[in-house]
Amino acid sequence: MPVTVLLVDDEPLVRAGLRAVLEAQPDIEVVGEAADGAAVIPLVRQLRPDVVAMDVRMPLMDGIEATRAVLRTIENPPKILVVTTFENDEYVYEALRAGADGFLLKRARPAEIVHAVRLVAEGESLLFPASVRQLAAEYGESGGNRAARAVMERAQLTEREAEVLRLMARGLSNAEIAERLIVGTETVKSHVSGVLAKLGARDRTQAVIAAYESGFVAPG
């Protein structure tokens, strides 16, 4: 089955460019488009896309609010890939904190766009870990977030789960973590699931953000 994608951007040329790049791939299908975040909820309910590629800045409802709305109202929500003009942007970090699974630069090369959609859909690796770390260093509270610290303390991660979370924050995939720890991939998946459950995180991106903001992992 192809990865299905909903495109949300107020610029028609951006949507057309993304559609052309993605539909050139045999394993990706663009199932719909919208010009504003306010249209996302009904389209997600109707089309059930695997991934929503969404502009972070739009006139009526921006990508941050649209991300919150999707995760708050949609059961089994799609992955959300924020599309942005600027990499080092506080809006991007706020979108990640709101629950987005990753971000993509509008100037990205076609191969990078395709890779981002596939990676976010698979959910087994962190997209652009160095950039997420940089955003956390600049805009995160870097251990000053009491709520994040409290969540991390209550989680009581095992030593192996803590090790897996640190490797997740470095951007290692499940397969790479398995190789590093000399264990099976299924074992790593089990540890990742345990980390997400204990942190109340919907995916590894949210777990890594929590790790940075609690001071469990230093973003520098």
Side-chain angles (χ1 to χ4, degrees), residues 37 40 44 49-54 56 62-84 87 89-104 116-158 161-174 177 188-219:
V40 170
V44 166
D50 299 311
V51 177
V52 177
M54 182 153 52
V56 73
D62 64 26
I64 300 170
E65 287 305 315
T67 294
R68 291 194 182 109
V70 168
L71 299 183
R72 185 172 60 246
T73 61
I74 301 295
E75 186 176 357
N76 298 319
K79 301 290 186 178
I80 297 177
L81 182 61
V82 171
V83 182
T84 180
E87 179 176 6
D89 188 337
E90 187 173 6
Y91 279 83
V92 173
Y93 190 67
E94 286 304 314
L96 294 177
R97 293 182 75 188
D101 301 274
F103 69 92
L104 175 67
V117 168
R118 288 174 177 155
L119 198 65
V120 165
E122 291 167 1
E124 293 199 357
S125 188
L126 189 68
L127 183 61
F128 304 136
S131 295
V132 173
R133 186 163 55 246
Q134 182 180 350
L135 286 166
E138 184 156 356
Y139 300 113
E141 298 185 42
S142 301
N145 189 319
R146 292 182 179 180
R149 288 206 308 273
V151 168
M152 191 62 66
E153 290 168 2
R154 287 197 302 270
Q156 296 185 333
L157 300 180
T158 66
E161 287 170 341
E163 192 173 13
V164 167
L165 179 54
R166 291 189 183 95
L167 294 174
M168 286 165 57
R170 291 172 54 186
L172 273 65
S173 66
N174 287 350
I177 293 173
V188 172
K189 288 183 179 180
S190 178
H191 287 314
V192 170
S193 295
V195 169
L196 299 186
K198 288 183 177 181
L199 293 179
R202 89 180 189 102
D203 57 36
R204 65 202 302 137
T205 302
Q206 306 313 308
V208 168
I209 293 293
Y212 286 139
E213 297 219 323
S214 66
F216 180 78
V217 176

Checklist line | Pairs touching residues 195-207 that satisfy salt bridge (charged side-chain N to carboxylate O under 4.0 Å, His left out), sequence neighbours left out | finding: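 Listed by first then second residue: Asp101-Arg202, Glu161-Lys198.
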Quick one, [X] and [Y] - any side-chain contact, counting heavy atoms below 4.5 Å?
X      : Y      : result
Phe216 : Leu165 : yes
Leu167 : His191 : no
Ile80  : Val70  : yes
Val151 : Ser214 : no

Next item on the list: With sequence neighbours excluded, tell me which residues meet side chain to side chain donor-acceptor pair (under 3.5 Å) with Asp50.
Entry: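 Per chain and number, Asp50 pairs via side chain to side chain donor-acceptor pair (under 3.5 Å) with Thr4.
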Margin query: I need the minimum non-hydrogen distance between Pro219 and Ala137, along with the two atoms involved.
Written below: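 For Pro219 versus Ala137, the nearest heavy atoms are CB-N, 3.7 Å.
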Notebook entry, point to check: Counting only N and O atoms by type, is there a donor-acceptor contact under 3.5 Å from the side chain of Ser125 to the main-chain atoms of Gly171?
Noted result: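 Confirmed, Ser125 side chain pairs with Gly171 backbone.
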Note to self: Pair Arg68, Glu65 - check salt bridge (charged side-chain N to carboxylate O under 4.0 Å, His left out), show working.
What the structure shows: CA-CA 5 Å; Arg68 291 194 182 109; Glu65 287 305 315; 2.5 Å; yes
Can you sort out the partners of [X] under side-chain contact (heavy atoms from CB on, under 4.5 Å), two or more places apart, ordered by chain and number?
X      : value
Ala201 : Leu196, Leu199, Gln206, Ala207
Ala95  : Val56, Ile64, Val82, Ala100
Ser193 : none

Output a table of donor-acceptor pairs, distance under 3.5 Å, between side-chain atoms of residues 116-124 and any protein atom two or more places apart or on a different chain; print 'none' if there are none.
from: Arg118; atom 1: NE; to: Asp27; atom 2: OD2; distance (Å): 2.9
from: Arg118; atom 1: NH2; to: Gln25; atom 2: OE1; distance (Å): 3.1
from: Arg118; atom 1: NH2; to: Asp27; atom 2: OD1; distance (Å): 2.9
from: Arg118; atom 1: NH2; to: Asp27; atom 2: OD2; distance (Å): 3.4
from: Glu124; atom 1: OE2; to: Lys189; atom 2: NZ; distance (Å): 3.4

